[in-house]
Amino acid sequence: MISRTMQDALNAQINLEQASAQLYLAMSAHCEGRSFRGFAHWLRVQASEETAHALKLVDFLLDRGGKLELQAIMAPPTEFGGVIQVFEQTLEHEKKITARISALFELARSEKDHASEIALQWYVTEQVEEESNVGQIVDQMHAVGDQGGAIWYLDSRMGKRGKG
Ligand code: OFO
């Protein structure tokens, strides 16, 4: 049986993953509205990955006999600026999520909850990949700028992202 403290922390993380899905869906729509369909596609896939992250935690919580307590999901902004700013904000968001996952991992450790610690290792590794992928995109965007044709080339490449 999972402790109340760990249950609350996992429920909070589930909410954050859902909020991430909402954020990326909003960003996707923002890019779509500027005809950057490749960036929009990439963000839409990212939104569905975030939902998968939430569901993976839900399954873990339920497997441990915990109670799922869903909370209201924070509404994302509706304006994000230019496409480079969208991805800069994505990187900042992922860094915040990494910090939350680290805190959750530390909590599992201090609670001596080995099962949670092992389950959270997947998220620790995932965050390394998330930050690396988005960091690379931001670097490429800074290199090409948002004015010339190269940004449209980048857009078409981003449109090739597979699901999950
Ligand atoms: Fe769930 O990894 Fe991004 O936020």
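Counting starts at 1 for both ligands and their atoms, following the listed order. Everything numeric here is computed off the predicted structure, so don't read it as measured data. All residue numbers in this chain count up from 1 along the given sequence.
- For H93 and Y24, the distance between ring centers is under 6.0 angstrom.
- Atom CG of D113 is separated from atom CZ of F105 by 11.0 Å, given to the nearest 0.5 angstrom.
- Rounding to the nearest 0.5 Å gives a distance of 4.5 Å between CD1 of I84 and CG of D146.
- Annotation: R64, atom CZ; neighbour count of heavy atoms from other residues, nucleotides and ligands within 6.0 Å is above 12.
- Here H53 contributes ND1 and E50 contributes OE1, and at atom 1 (Fe) of ligand 1 these two atoms make an angle of 90°, given to 10°.
- Look at E69 and R4 and you find a salt bridge, because one of the NZ, NE, NH1 or NH2 atoms lies within 4.0 Å of a carboxylate O, short of that distance.
- The aromatic ring centroids of F87 and W42 lie less than 6.0 Å from each other.
- Under a 4.0 angstrom heavy-atom cut-off, E49 registers as lying outside contact with ligand 1.
- Heavy-atom proximity to S20, at under 4.0 Å, picks out these atoms of ligand 1: 4 (O).
- Listed by number with element, the atoms of ligand 1 under 4.0 angstrom from any heavy atom of I97 are 4 (O).
- Remark: ligand 1 and H93 share no N or O pair separated by less than 3.5 Å (distance only, no angle test).
- Note: an N/O pair closer than 3.5 Å links E94 and ligand 1 by distance alone.
- For a threshold of 3.5 Å applied to N or O pairs, the pair formed by E130 and ligand 1 contains at least one separation below that value.
- Atom 1 (Fe) of ligand 1 lies closest to atom OE1 when only the N/O/S atoms of E17 are considered.
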